[in-house]
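Input: a single structure, listed below in structure tokens.
Lettering of chains follows the sequences in order, A, B, ..., and the numbering in each one begins at 1.
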Amino acid sequence: MDAVHPSAWAFVVVALGGALLSVSLRNILHAIFGLALALFGIAGLFLYLGSPFVAAMEVLIYVGGISVAMVFAVMLAYSLGKKEGGSTRRFLAVVPVGGFFGVVGYALLRASFAVTSKTGSWDLKLVGRKLLLDYNVVFEALSVVLLLAIVGAIIIARRDEKTGDDKTADEKAASKGNDAASAEERAS
Amino acid sequence: MLKTLSDLVPNVFLAMLLAAAAIMAFATVNALFLVWLERKVSARMQRRYGPTVVGPFGMFQTLVDVVKLLSKQLISPKDIDKPLYHLAPIVVFVPVVLGLSLFPIDKSFALVDTNVGLVLVFAFAGMGFIAIFMAGWGSNNKYALLGAMRAVAQNIAYEIPLILAALAVTMIARSMRIADIVEAQGSFPYILVQPIGALIYYISAVAETNRAPFDIPEAESELVAGFHTEYSGMRFALFFLAEYTNMVIVSMVATSLFLGGYKGPLLPGPVWFFGKVYFLIFVMLWLRWTFPRLRFDQLMTFAWKVLIPLALANLLVTATVLKVMS
């Protein structure tokens, strides 16, 4: 194995540190900012591995998009500052988390990472061709998943609206910029 | 041939230091100038004089203001979310510094040159919203929080038409390298082939920088000052600096994508480049002092029901025309 440049270790430290922060912090907003830090570290690793396009996309979509959307969703849907999760729940979480870790770890250990080209430049045209010609079925399947997610979100949101759930009332008030509702929620 | 800083300065760390110093210096001087310009332009549009006392045409007024800001006591409110409150002014400044380095200011020079330059610009712009949220949440102030929520809702909405408009240009230029896009605009700038795209881009850019008529996040008549209500002294100055530098960045993108960047007859490249950039900024100031602020629902409706469909249609037409012509 080749020696790893010290700058790559810096990215590893950022990614792992952010990941640790995101699972250990009690405040859910702090956790999301930790996640953003971790994703930023991963973007740095992609850069180190010679894929500036993937790195840029990582920052654009995950750091700038997904993290912001998560913070936004938390602000709208979650009672701010409320601490959740008792000890039993945390214990139960071990099962799926351990299972997922096991499956991913097994797959990673079994897979062989053949280095095809180390210096080859990741041309944007190449990425585009691969995505839309070689892997177009996967690409389309992913967009169907996203469509399902959108439809699901709409269904959940509309069901809440009918039953007149408290949460949605706050949500509406907040999204319309109604000062009072949010402020009271924040103060309590 | 396009040269970058790393070609001129072989030592990587020295090059990074130089670039950071140059960008910081530019950002500071630019903000000083723009604050003065904004006050002058607003004054002239309202039949006033604006600053006149300190220096010629009052040009050193902002310099004196900065001295005041530097010497001001930093006030932190009680019950703030300490890490987020203190991090926010720093985090808001990082993407701004990174973003400024990506533009070719002449045929032969750019600080950084990468084949995904355009993606990086938008990626860095996205990081700024996180800082706004940190500030809004960390301040423990309802106005700050509401301002931050508005800022993010608005930025998510306007980022889509912004990127779609830029995408149409990359399809014509067949590259995401900013230098290539500028070079691809041979004898005419892309604003002539993409007039709708340019308009969509510019409107969205004004919204992205949270400026009037889209300055809902800091609407002073409703929210005191929005997400930076609780910041004083230099912390406030950093937000201010970031806002004015962001205006420069979006104008630099617009210049590179639609106005032919550094290209122009007679005068040297950098003069054309910065001339176009500051012209676009002047138009932004002009808009701010001409139009009243939109209501929040009008703002969101305009993004989702007008700009995004229009940008998608523009993209589709561009793609079709390109396919037919090729």
Between B:F124, B:F129, B:F122, B:F133, which residue shows the highest count of heavy-atom pairs closer than 4.5 Å to chain A? B:F133
With heavy-atom distances below 4.5 Å as the criterion, would you say the side chains of B:I249 and B:F103 are in contact? yes
Contacting region of B:I130 [heavy-atom separation from chain A under 4.5 Å]: both
At a heavy-atom separation under 4.5 Å, does B:M134 approach chain A through its side chain, its backbone, both, or neither? both
Looking at side-chain heavy atoms only, is the closest gap between B:L102 and B:M252 below 4.5 Å? no
Stepwise side-chain contact (heavy atoms from CB on, under 4.5 Å) test for A:H30 and A:L21: CA-CA 8 Å; A:H30 290 186; A:L21 281 179; over 6 Å; no
For residues B:V91 and B:M127, determine if any side-chain heavy atom of one lies less than 4.5 Å from a side-chain heavy atom of the other. no
